[in-house]
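The first residue of the sequence shown is numbered 1, and numbering continues consecutively from there.
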Amino acid sequence: MLRTAIYDESTKLYVDVLVSYSSSGAIVPLLIGLGSRKYPIDRILSVERSASRKSGGRGLCYLCYISGKVIKLYWDKQKWFLARELRLND
């Protein structure tokens, strides 16, 4: 059976993020919090000015490596969020 992932175009999954600030003022996310779960960010692969086409935010997109997965983490000048993914045919 084919499994398809789609995205909710209008919602964002807001998350808590522990950050560090570099001496140049760059924001460096260290850990993502989802409820009682904490996910350390193993590595930042890239940082780009970007819009989340999936959920409609503008700001910075951090491409993060977390527990063997590549995750897009967005900073929208006030809040951190992930694009909410909905799975079909699970």
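With rounding to the nearest 0.5 angstrom, the CG atom of Leu30 is 7.0 Å from the CD1 atom of Ile41. Atom-to-atom distance recorded for Ile71:CD1 and Ile32:CD1 is 7.0 Å, nearest 0.5 angstrom. To the nearest 0.5 angstrom, Cys61 atom SG is 11.5 Å from Asp76 atom CG.
Using a 4.5 Å heavy-atom threshold, the side chains of Tyr21 and Ile27 count as touching. At a threshold of 4.5 Å between non-hydrogen side-chain atoms, the residues Leu13 and Phe81 do not count as touching. Contact check for Tyr62 versus Trp75: side-chain heavy atoms found under the 4.5 Å cut-off. Leu73 has its side chain within reach of Leu82: a pair of non-hydrogen atoms, C-beta onward, lies under 4.5 Å apart.
Closest approach of Ile44 to Pro29, counting heavy atoms only: CD1-CG, 3.8 Å.
Both Val15 and Val47 are assigned to one and the same hydrophobic cluster, defined by single-linkage of ILVMFWY side chains at heavy-atom distances under 4.5 Å.
Shown here are the side chain to side chain contact (heavy atoms under 4.5 Å, CB included) partners of Leu45, two or more places apart in sequence or in another chain: Arg43, Leu63, Tyr65, Val70.
Within a 6.0 Å radius of NZ in Lys38, other residues, nucleotides and ligands contribute more than 12 heavy atoms.
With Asp16 contributing its side chain and Leu34 its backbone, the two residues share no donor-acceptor pair below 3.5 Å.
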